[in-house]
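Each remark here refers to the structure printed beneath this line.
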Amino acid sequence: KQEVTQIPAALSVPEGENLVLNCSFTDSAIYNLQWFRQDPGKGLTSLLLIQSSQREQTSGRLNASLDKSSGRSTLYIAASQPGDSATYLCAVSRYGNKLVFGAGTILRVKS
Amino acid sequence: GAGVSQSPRYKVAKRGQDVALRCDPISGHVSLFWYQQALGQGPEFLTYFQNEAQLDKSGLPSDRFFAERPEGSVSTLKIQRTQQEDSAVYLCASSWWTGEGNQPQHFGDGTRLSIL
């Protein structure tokens, strides 16, 4: 059974700092990996999707990498801003359909 | 609308009552998913539809949970004889289906269900 772990569980940083969120998964036979953002009381917003054949994806200040063989992904956020404060969730898909999620990292960026 | 719409946003029910949660996916999205999110946890898969066909219901926790999507668009998740452990946020997601599974899932804001 696929298990997804996210470290750290919570993170508080000053504005402007670069930061890394970690995600690991136990079964490397994945189809893709997605990073999501969740604001309080809201649904999930897709940030980046990495296919299993890809190594990384970039969108603005966000960069996600994937090392499928070792079962790891990182989300790098450059020059963090208070508006980046949210819960970040990592999820993997085996057959391109249902997602298996980690518990998330709660990020707080202090101004 | 432009996004996935779920209703109601909040539902309070007494233990033992039946509830129905609605999901209106993005127009044209073939795939539809239901997830359950407990407080402080990531979402957990419940069931998956491709058009009107329910292809995977392995995540439904008991036979009290039932989902349908009769015309391949709007979906309803029904919970019968609700229990306190059913209290959670229920999220619906939809996506295009290209046959290669490389499309992101788009989520609604969820229905927060509280069982008293």
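Throughout, protein chains are lettered first and strands after them, A, B, ... in sequence-line order, and every chain is numbered starting at 1. The model shown is predicted, which means the values in this text are computed figures rather than measured ones.
Proximity to chain B is limited to the side chain of Leu89(A), based on heavy atoms less than 4.5 angstrom apart. Only the side chain of Ser58(B) comes within less than 4.5 Å of a heavy atom in chain A; its backbone stays farther off. For Gln38(A), the part lying under 4.5 angstrom from a heavy atom of chain B is the side chain only. Looking at Gln50(B), there are no atoms closer than 4.5 Å to chain A (heavy atoms on both sides), in backbone or side chain.
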- prompt: Passes side-chain contact (heavy atoms from CB on, under 4.5 Å), Phe33(B) versus Leu99(A)? Steps please.
  reply: CA-CA 9 Å; Phe33(B) 306 81; Leu99(A) 296 171; over 6 Å; no
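Tyr35(B) and Leu21(B) sit in two unconnected hydrophobic clusters of ILVMFWY residues. Membership requires side-chain heavy atoms under 4.5 Å apart, directly or through other members. Cluster membership check: Phe49(B) shares its hydrophobic cluster with Phe65(B), using side-chain heavy-atom separations under 4.5 Å among Ile, Leu, Val, Met, Phe, Trp and Tyr. Leu33(A) and Ile77(A) fall within a single hydrophobic cluster, where Ile, Leu, Val, Met, Phe, Trp and Tyr are joined by side-chain heavy atoms under 4.5 Å apart, directly or via other members.
Gln57(A) CD: more than 12 foreign heavy atoms inside a 6.0 Å radius. Summarising the local packing, CG of Leu39(B) is surrounded by 12 or fewer heavy atoms from other residues, nucleotides or ligands at distances under 6.0 Å. Applying the 6.0 Å contact sphere to CD of Glu85(B) captures more than 12 heavy atoms from other residues, nucleotides or ligands. In the displayed structure, Arg9(B) atom CZ is contacted under 6.0 Å by more than 12 heavy atoms of other residues, nucleotides or ligands.
The closest side-chain heavy-atom distance from Ser93(A) to Gln105(B) is not below 4.5 Å.
Leu44(A) contributes atom CG, which lies 12.0 Å from atom NE2 of His106(B) (distance to the nearest 0.5 angstrom).
Arg61(A) meets the salt bridge (Lys or Arg N to Asp or Glu O under 4.0 Å) test with Asp84(A); sequence neighbours excluded. Qualifying side chain to side chain donor-acceptor pair (under 3.5 Å) partners for Thr74(A), counting only residues two or more places apart in sequence or in other chains: Ser65(A).
Judged as a ring pair (Phe, Tyr, Trp, His ring centres under 6.0 Å), not a single pair has a partner in residues 6-26 of chain A (not counting sequence neighbours).
For residues 100-111 of chain A, the interface with chain B (any heavy-atom pair closer than 4.5 Å) comprises Phe101(A), Gly102(A), Ala103(A), sorted by residue number.
Of the possible polar contacts, none joining the Asp109(B) side chain to the Lys42(A) backbone as a donor-acceptor pair under 3.5 Å is found.
Interface check for chain A: of the options Gly42(B), Pro43(B), Gly40(B), Ser95(B), the most heavy-atom pairs under 4.5 Å are formed by Pro43(B).
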